[in-house]
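Chain naming here is simple, since letters A, B, ... match the order of the sequence lines and numbering starts at 1 in each.
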Protein chains: 2
Amino acid sequence: MTSSRDAASAAITATVTSSRALLGIVAQSMSGALEELSLVQFRLLVVLDSSGPQRMGDLATALGVHASTLSRTVDRLESGEWITREVSPESRREVIVAVSNKGHGMVAEVTRTRRRAIAAVLQGLDPADREAVRLGMTLFAEAAGEPSAPDMLTLGL
Amino acid sequence: MTSSRDAASAAITATVTSSRALLGIVAQSMSGALEELSLVQFRLLVVLDSSGPQRMGDLATALGVHASTLSRTVDRLESGEWITREVSPESRREVIVAVSNKGHGMVAEVTRTRRRAIAAVLQGLDPADREAVRLGMTLFAEAAGEPSAPDMLTLGL
DNA sequence: TACAACAGTTGCATAAATACAAATGTCTGG
DNA sequence: CCAGACATTTGTATTTATGCAACTGTTGTA
C-alpha cells in the first residue's frame with residue numbers, strides 16, 4: 001500500500017520541481033531588465049512601482065538599507081531616468097521618489113514577459129490538465145499566503 | 001458563459017500568483033546562506049555542488065564570467081573553506097575546484113529548509129487538496145521542462 | 001526666537017564583482 | 001627541444017553596494 005506519508009512526500013517533491021521551473025521562468029523574464037539595471041536597482045523599481053511614490057526614508061526602511069545607501073542608488077536610477085525625485089509638497093525637508101514612465105514600463109515589460117512565458121507553458125496542456133494546474137496552483141497559493149516583503153528582498157524581488 | 005480564453009487566463013493568473021509564493025519560500029530558504037555568502041558566491045557553490053568538481057575554465061564558462069573574475073571569487077570561497085582548489089592530477093596547468101564538506105552542507109541545508117517550508121504549506125491542506133496540488137505541480141513541471149542553466153543564473157540559482 | 005529633532009545628502013572607507021592586459025607556468029607538435 | 005598554445009593568476013581599473021559620521025537645511029516647540 002501507499003502510505004499517506006508517501007503521498008505527502010510526492011506532493012512536496014512535485015512542488016519543489018515545479019518551483020525550479022517557475023524560478024527559471026521568473027529569472028528569464030528578468031534577464032532583459034538586468035542588462036540595464038542591477039538587481040538592487042530593479043528591486044527598488046519593483047517596490048516603488050507596487051507601493052507608489054515614497055519618501056526616501058520610508059523607502060530605505062522598506063528595502064532594509066541605510067539612508068545613504070538609498071540616496072546613492074536613487075542617484076543612479078535618477079540619472080538613468082527610471083525614477084523621479086522631488087521635494088515633497090508637504091515638507092521641504094522630505095523627498096518623494098516615484099517611478100517614471102520609463103521605469104514603470106520596464107517593470108510592466110518584465111511582468112508581461114513572465115505572464116507570456118507561463119502562458120506558453122500552459123498552452124502545451126490540454127484544457128483538462130490546464131484546469132488541474134489552475135486548481136493546484138490556486139490551492140497552493142492560498143495555503144502559502146502572500147510572501148513577506150523581507151523574504152522577497154532576499155532575492156531582490 | 002465562460003470562454004476558454006477566460007479559463008486559460010485564470011490558469012495563468014493562478015500560476016503567476018503561485019510563483020510569487022514559491023519565490024518567497026525560495027528566497028527565505030536562502031536567507032541563512034546569504035548571511036555568510038554573497039549571491040554570486042552561493043550561485044557558484046550550487047553549480048559546483050550539482051555538477052561536481054570542475055576546472056576553473058569550465059566553471060567560468062558555466063557561470064558566464066571572465067576567468068579572472070572567477071579566480072577572485074574562488075579565492076574568497078576558498079578562504080572561507082567553502083570549496084577546495086587543487087592542481088589537476090591530469091595536467092599541472094589545470095586547477096580543479098570542488099565543494100568542501102562545509103560547502104555541500106550549506107547547499108544541503110538550503111535545500112532542506114526549502115523542502116520543509118513547502119511541506120509546512122502543504123500540511124495546511126487536506127489530503128484531497130494536497131493531491132490536487134501534486135497533480136497540478138507535476139503537470140506544470142512536465143510541461144515547462146527543465147529550466148536552462150543560464151536562466152537560473154540570472155537569479156543566482 | 002533659539003534649539004532640538006528630523007530628513008536627506010555628502011565625505012569617507014570598505015568589500016565585492018567585473019573585465020582587460022600582462023605575467024607565469026605547463027603542455028605539445030613539429 | 002623549443003615555440004606557440006593553453007590554463008590560471010595577478011596587476012590594474014571601474015562600478016556598485018554598503019554603512020558610519022558629519023553636514024545642511026527644515027520643522028516644530030519650549
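The CE atom of B:M56 sits 19 Å away from the P atom of D:dC6 (whole-angstrom rounding). We find that CZ of A:R43 is positioned 16 Å from P of D:dT16, with the value rounded to whole Å. In this structure, B:R55 atom CZ and D:dT9 atom C1' are separated by 15 Å, rounded to whole Å. Taking atom CG of residue B:L59 and atom C1' of nucleotide D:dA7, one finds them 14 Å apart after rounding to whole Å. Taking atom CZ of residue A:R76 and atom C1' of nucleotide D:dT14, one finds them 12 Å apart after rounding to whole Å. Separating the CG atom of B:D75 from the P atom of D:dT10 is a distance of 7 Å, rounded to the nearest angstrom.
Of the residues listed (B:D58, B:T69, B:V40, B:L70), the one engaging B:L63 in a side-chain contact (heavy atoms from CB on, under 4.5 Å) is B:L70, and it is the only one.
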Readout for nucleotides 24-30 of chain D: B = base within 4.0 Å of protein heavy atom, S = sugar-phosphate only, - = neither; 5' to 3' it is -BBS---
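Pairs engaging residues 131-146 of chain A under the side-chain hydrogen bond (donor to acceptor under 3.5 Å, both in side chains) rule: A:E131-A:R134 [sequence neighbours left out].
Sorted by residue number, the members of residues 81-88 of chain B with any non-hydrogen atom under 4.0 Å from DNA chain D read B:R85. Using a 4.0 Å cut-off on heavy atoms, the residues of residues 65-74 of chain A that approach DNA chain C are A:A67, A:S68, A:S71, A:R72, listed by number.
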Audit row: B:F140, B:T15, side chain to side chain contact (heavy atoms under 4.5 Å, CB included) steps and yes/no: CA-CA 9 Å; B:F140 183 84; B:T15 305; 3.8 Å; yes
Decide side chain to side chain contact (heavy atoms under 4.5 Å, CB included) for B:V133 and B:D129; before the verdict, give the C-alpha distance in whole Å, the side-chain angles of both, and the deciding distance to 0.1 Å. CA-CA 6 Å; B:V133 169; B:D129 285 352; 5.6 Å; no
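We find that A:E94 and A:R55 are joined by a salt bridge, their nearest charged nitrogen and carboxylate oxygen being less than 4.0 Å apart.
At least one donor-acceptor pair closer than 3.5 Å links the side chain of A:R85 to the backbone N or O of A:S71. Panel note: side chain A:T13, backbone A:S9; a donor-acceptor pair is recorded below 3.5 Å.
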Do any side-chain atoms of residues 45-53 of chain A form donor-acceptor pairs under 3.5 angstrom with protein atoms, and if so which ones, sequence neighbours left out?
unit_1	atom_1	unit_2	atom_2	d
A:D49	OD1	A:H104	ND1	2.7
A:S50	OG	A:V46	O	3.3
A:S50	OG	A:V47	O	3.2
A:S51	OG	A:V47	O	2.8

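Along DNA chain C, read 5' to 3', the first and last nucleotides having any atom under 4.0 Å from a heavy atom of chain B are C:dA16 to C:dC27.
Crowding of A:D126 atom CG: a count of heavy atoms from other residues, nucleotides or ligands under 6.0 Å exceeding 12. For A:E81, the CD atom is loosely surrounded, since the number of other residues' heavy atoms within 6.0 Å does not exceed 12.
Using a 3.5 Å distance cut-off with no hydrogens or angles, the side chains of B:R93 and B:S88 do not pair a donor with an acceptor.
To the nearest 0.5 Å, the span separating OG1 on B:T84 from CD1 on B:I96 amounts to 9.5 Å.
Put simply, the side chain of A:V26 reaches to within 4.5 Å of the side chain of A:R114, judged on heavy atoms.
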